[in-house]
Protein chains: 2
Amino acid sequence: MTTSTTSSTRRTRDVRTRGRAADVVERILQATAEQLSEVGFAALRVDDIAARSGVNKTTIYRRWPTRASLVDAAIRRSKPPAGVARGSTLKEEALAIARDWLAFHESPMGRGIVRVIQTEVGHPELEPIVRELRADGRRGRIAMVQRAIDRGELPPDTDAALIADMIFSPLTTRLVFNVERVDEQMIARTVDIVVAGLKAV
Amino acid sequence: MTTSTTSSTRRTRDVRTRGRAADVVERILQATAEQLSEVGFAALRVDDIAARSGVNKTTIYRRWPTRASLVDAAIRRSKPPAGVARGSTLKEEALAIARDWLAFHESPMGRGIVRVIQTEVGHPELEPIVRELRADGRRGRIAMVQRAIDRGELPPDTDAALIADMIFSPLTTRLVFNVERVDEQMIARTVDIVVAGLKAV
DNA sequence: AACTTAAGGCAACAGCCAGTTGCGGGCTAG
DNA sequence: CTAGCCCGCAACTGGCTGTTGCCTTAAGTT
């Protein structure tokens with residue numbers, strides 16, 4: 001969506017978006033993502049981002065008035081995979097989504113976003129983006145389950161939200177809290193159990 | 001010999017643990033828990049705790065050298081329910097644990113702890129207590145699944161950790177991220193699906 | 001009751017970091 | 001080649017953590 005910049009009260013507002021300016025923005029957001037993935041939001045220092053990107057702190061503040069808005073911008077620059085699944089069975093679709101997430105989690109921005117999702121409370125300024133990230137992911141996963149229901153793969157009275165959570169929250173919990181390793185096989189087993197269970201109950 | 005007390009940096013430390021001292025400690029930890037549940041760790045200010053407990057900031061720092069150690073102490077004062085389950089079936093045990101958690105989550109300390117569990121990254125000083133909280137909970141839940149396996153309620157080759165996560169991570173995710181309401185019925189359905197699925201697969 | 005001394009109150013301070021300001025100079029666009 | 005946008009620089013405000021020295025209060029002892 002080209003120019004985002006939620007706050008309009010800046011100065012004369014980003015007329016030059018090419019050349020040096022574009023390069024500076026790029027470097028700042030990249031450095032933000034990297035720092036975010038390495039130290040998280042709480043310990044994120046603007047001076048460090050300035051140093052890392054080779055840009056003056058003032059320049060950063062001129063474009064993004066607060067630390068939170070900077071992080072917001074950096075995240076929106078490369079949001080996680082939309083969770084648009086493809087496949088002919090629930091299992092295939094779930095695996096595809098999980099694969100996307102695992103791959104995304106390898107990138108600096110991926111790790112950074114995971115840390116942000118984990119943050120929030122006590123940082124109300126960050127809440128909008130966090131809420132959006134969570135909602136996006138959940139929406140896609142619930143839609144996935146709904147397709148399986150429509151397809152007749154799952155009983156018609158299935159609680160799509162619950163099933164979506166049952167399939168993915170073990171994954172996200174392990175990813176976010178960094179406990180035990182996560183792989184495709186784990187997802188596959190999870191899906192198998194849930195699907196079999198739904199048919200049996 | 002015996003009591004060394006090299007009276008180095010700090011003073012001679014907590015000899016009087018009754019009377020006024022005990023009252024002060026009590027008030028500080030209580031205020032910490034309350035503030036924690038209201039604003040979370042990131043926004044927790046020592047001055048506020050001092051004001052709320054009617055104690056001078058210096059007094060707080062004399063007992064707990066950092067904000068994190070204070071929070072650590074407040075949490076240890078009333079940790080979450082141990083997850084010691086009781087019941088004759090997996091479902092009964094799971095429901096008992098879930099009930100304890102939901103009840104605990106109503107108290108100031110309960111909410112405070114949930115916020116802390118959610119925090120961590122970027123606050124390395126807080127990591128020990130967070131790790132401990134998570135480990136405690138998980139250990140209890142895995143043991144619960146293991147009992148069900150031993151009892152023959154679940155197949156012997158069941159992955160206890162995975163099943164524990166499948167049953168409880170939808171609950172904790174919803175509790176921590178505050179999305180959708182959580183009730184016993186939800187847990188019951190989750191357990192039913194997982195158990196049925198394990199038998200069928 | 002008198003005394004000893006641990007523990008709390010007070011106030012000023014150092015250090016870190018977010019966010020601000022005024023000015024000056026280089027780079028881009030036209 | 002000129003106008004003015006954009007960035008660099010440096011100094012500053014203000015909030016919060018954690019510290020220090022000194023004084024006051026009260027707990028426990030005789």
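Heavy atoms only: backbone and side chains are in, while hydrogens, waters and symmetry mates are out. Letters go in sequence order (proteins before strands), and every chain restarts at 1.
- Of the possible polar contacts, one joining the A:S37 side chain to the A:E34 backbone as a donor-acceptor pair under 3.5 Å is found.
- The NE2-C1' distance, from B:H123 to C:dC17, rounds to 14 Å in whole Å.
- Taking atom CD of residue B:E125 and atom P of nucleotide D:dT17, one finds them 12 Å apart after rounding to whole Å.
- Whole-Å rounding puts the B:E26 CD to C:dG8 C1' distance at 17 Å.
- Here C:dT21 presents its P atom at 17 Å from CD1 of A:I60, a figure rounded to the nearest Å.
- A distance-only check finds a donor-acceptor pair linking the side chain of B:S169 to the backbone of B:D165 [under 3.5 Å].
- Side-chain to base pairing of B:R62 with C:dG9: one donor and one acceptor N or O lie within less than 3.5 Å of each other.
- Using a distance-only test at 3.5 Å, with no hydrogens or angles considered, a donor-acceptor pair links the side chain of B:T172 to the main chain of B:F168.
- A salt bridge links B:R27 to B:D23: at least one charged side-chain nitrogen sits closer than 4.0 Å to a carboxylate oxygen.
- Each of A:L90, A:V195, A:I193, A:L162 was scored for a side-chain contact (heavy atoms from CB on, under 4.5 Å) with A:I167, with one residue passing: A:L90.
- The side chain of A:Y61 has C:dT20 as its nearest neighbour among C:dT20, C:dG8, D:dG8.
- Of all nucleotides listed (D:dC6, C:dA11, C:dT21), C:dA11 comes nearest to the side chain of B:T58.
- Rounded to an integer number of Å, the gap from CG of A:D23 to C1' of D:dC7 is 12 Å.
- For the helix from C:dA1-D:dT30 to C:dG30-D:dC1, the angle separating the two terminal helix axes comes to 30°, with each axis derived from five pairs and the value rounded to 10°.
- A side-chain donor-acceptor contact under 3.5 Å links B:R67 to the backbone of B:L44.
- In this structure, B:R67 atom CZ and C:dC16 atom P are separated by 17 Å, rounded to whole Å.
- A salt bridge is defined here as a Lys NZ or Arg NE, NH1 or NH2 lying under 4.0 Å from an Asp or Glu carboxylate O, and B:R141 with B:E93 fails to meet this definition.
- To the nearest angstrom, C1' of C:dC17 lies 15 Å from CG of A:L70.
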_Walk me through whether A:E92 and A:S88 qualify under side-chain hydrogen bond (donor to acceptor under 3.5 Å, both in side chains)._
CA-CA 7 Å; A:E92 281 175 23; A:S88 47; 3.3 Å; yes
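- Using a 4.0 Å heavy-atom criterion, one finds that B:L44 contacts the sugar-phosphate atoms exclusively.
- A close approach under 4.0 Å does not occur between any side-chain nitrogen or oxygen of A:R63 and OP1 or OP2 of D:dC6.
- With rounding to the nearest 0.5 angstrom, the CZ atom of B:R189 is 5.5 Å from the CD atom of B:Q185.
- Using a 4.0 Å cutoff on non-hydrogen atoms, the parts of residues 45-57 of chain A near DNA chain C are A:R45, A:V46, A:D47, A:K57, ordered by number.
- Residue B:I28 is out of contact with every strand shown, counting any heavy-atom pair closer than 4.0 Å.
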